[in-house]
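Presented below is the structure to which this report refers.
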Amino acid sequence: MWASAVLLVLLGSFGANALDNGLARTPPMGWLAWERFRCNVNCTADPKNCVSEKLFMEMADRLVEDGYKDAGYEYVNIDDCWMAKQRDANNKLYADPERFPSGIKGLADYIHSKGLKLGIYTAYGNFTCQGYPASGMHLELDAQTFAEWGVDMLKMDGCKQMDRHTMKKGYPQMTKYLNATGRPILFSCSWPDYERGAGIPINYTLVAENCNIWRNYVDIQDSWQSVLSIIDYYAKEQDTLVPVAGPGNFNDPDMLIIGDFSLSVEQAKAQMAMWAILAAPLLMSNDLRTITPEYRDILLNKDVIAISQDNAGIMGKRVLQKSDIDIWFRRLGEAWMTTYGLLFFNTDATSTKSVTVNMIELGASQTMGYGLTDAFDSSKNIWHIGASEDHTFTVKAGSVLLYTVYPSK
Ligand SMILES: *[C@@H]1O[C@H](CO)[C@@H](O)[C@H](O)[C@H]1NC(C)=O
Ligand SMILES: *[C@@H]1O[C@H](CO)[C@@H](O)[C@H](O)[C@H]1NC(C)=O
Ligand SMILES: *[C@@H]1O[C@H](CO)[C@@H](O)[C@H](O)[C@H]1NC(C)=O
Ligand SMILES: *[C@@H]1O[C@H](CO)[C@@H](O)[C@H](O)[C@H]1NC(C)=O
């Protein structure tokens, strides 16, 4: 027991004041419209892909019928461009009536009937990033409206709030209004990313007191370069970001683009594995109606999801860079039965590389040694290696090896 007490003390500096709404005890999993469907509002021209209730209902159906819900994906999240262009006579937001004929309440009922949860989007400032009405002057009313509709998660963006210094006040106000509704609503904040962009110091203690998840860095795009630049940011900032992550609070490197147009299967494995090591939200932005089985299998990989969803919620770190291979390590589970997620990422896009390491170098030192299970290929499981025994790991160009490391009995 003493070991868990030590762990609590170590995590206590943030844990004690973290946002207490009972949500995001592990990184949230679900689907978010933005990267794939953007602000496509012309349902005459593109009825299948426009931002409409039909799109969210169809994604909910796929989540349930194709195994995603069983794997843990539960949020169906609307992004920008759902609103009518004005507020109603009582100043309330409402959904565009042509694209959302059931209203958000009707959509929430449908999503809940499937055993899923609904996420919605607004912005701090007077307009959303795409110019729709936003919550700056109506935080309390909008929090109440979202709760009345049965919303379960809120992403609050902020590109049109040009005075980024006001965000340290505005986001915590929204946290209070959400809490006052009495409905637990997972709060996703874009605030630290805007402060970063404006060169304003980020107070992560304050962020963690007010947000369940938060964006630290720029929006992901459908490209491998974008994925790489995001990973690079998290590696460079890890000493700041790792201590603030924990149950109820997670850094958000943005959506999974697995199954979209740009990532190869190996690159898709790399994004999935890296997001699991980073204890990142797993919010897919793809078309679940047309995704091919090889990408679906990566999104449903149980071993990777088990690393992502580990109860201790400790964010992994890059621990070594050697022979063009970046090695990332994430501590899993309770302190007295520690297992690890271990990721080898070959950053050379053109050639296979090998690296020789032992577990002690990586930070695991149980004298009985370790067994390693390979998340993507069980034929590569390693039954036993001593803690100080050197082992050579070979990684394909631009790809990853992901292991769960268990102490030997
Ligand atoms: C509101 O905050 C209090 C105190 O932090 C917490 O106990 C409660 O669960 C919160 N309620 C909701 C609905 O978030
Ligand atoms: C939607 O697309 C159709 C067909 O391309 C076009 O005729 C129409 O003007 C568009 N509507 C709007 C509001 O842009
Ligand atoms: C939002 O609108 C209000 C009222 O029109 C105005 O006072 C305020 O300055 C605006 N805020 C921003 C960030 O533009
Ligand atoms: C950061 O926020 C915390 C919690 O609100 C506060 O106690 C602390 O003084 C802030 N730090 C700075 C440097 O402003």
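Keep in mind it's a predicted model, so treat the numbers as computed, not measured. The residues of the chain are indexed from 1 along the displayed sequence. Atom set for the values below is all heavy atoms of this structure, side chains included, hydrogens, waters and symmetry mates excluded. All ligand and atom numbering here is 1-based and tracks the order in the structure.
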Next item on the list: Using a strict cut-off of 4.0 Å, indicate which atoms of ligand 4 neighbour a heavy atom of L206.
Entry: 2 (O), 5 (O)
Notebook entry, point to check: Can you tell me if Y121 and N77 form a side-chain donor-acceptor pair at under 3.5 Å?
Noted result: no
Identify all pairs of nitrogen or oxygen atoms, one from ligand 3 and one from the protein, separated by less than 3.5 Å, and list them with distances.
{"unit_1": "ligand 3", "atom_1": "2 (O)", "unit_2": "N126", "atom_2": "OD1", "d": "3.4"}
{"unit_1": "ligand 3", "atom_1": "2 (O)", "unit_2": "N126", "atom_2": "ND2", "d": "2.3"}
{"unit_1": "ligand 3", "atom_1": "11 (N)", "unit_2": "N126", "atom_2": "ND2", "d": "2.9"}
{"unit_1": "ligand 3", "atom_1": "14 (O)", "unit_2": "N126", "atom_2": "ND2", "d": "3.4"}

Next item on the list: Please list, chain by chain and in numerical order, all residues satisfying side chain to side chain donor-acceptor pair (under 3.5 Å) with D219, sequence neighbours excluded.
Entry: R215
Note to self: Under the rule for salt bridge (charged side-chain N to carboxylate O under 4.0 Å, His left out), what residues qualify as partners of K353, not counting sequence neighbours?
What the structure shows: D324, D348
Checklist line | Contact check, G182 vs ligand 1, heavy-atom distance below 4.0 Å | finding: yes
Check: Taking both backbone and side-chain atoms of R183, is any N or O found less than 3.5 Å from an N or O belonging to ligand 1?
Finding: no
Next item on the list: Find all atoms of ligand 1 within a distance of less than 4.0 Å from any non-hydrogen atom belonging to N21, and give their numbers and elements.
Entry: 14 (O)
Next item on the list: Tell me whether the centres of the aromatic rings in Y94 and F100 are closer together than 6.0 Å.
Entry: no
Checklist line | Per-atom contacts, ligand 4 versus E209 - under 4.0 Å to a heavy atom | finding: 4 (C), 5 (O)
Next item on the list: Give a yes-or-no answer on whether the side chains of W31 and N286 include a donor-acceptor pair shorter than 3.5 Å.
Entry: yes
Check: Cut-off 3.5 Å, side chains only: do R183 and N21 have a donor facing an acceptor?
Finding: no
Note to self: Regarding ligand 4, does N203 bring an N or O atom to under 3.5 Å of one of the ligand's N or O atoms?
What the structure shows: yes
Next item on the list: Output the distance between atom CG (D254) and atom CD (Q221), rounded to the nearest 0.5 Å.
Entry: 8.5 Å
Check: Taking side chain as C-beta onward, heavy atoms only, is W214 less than 4.5 Å from V244?
Finding: yes
Next item on the list: Could you tell me which residues satisfy salt bridge (charged side-chain N to carboxylate O under 4.0 Å, His left out) with E294, sequence neighbours excluded, listed by chain and number?
Entry: none
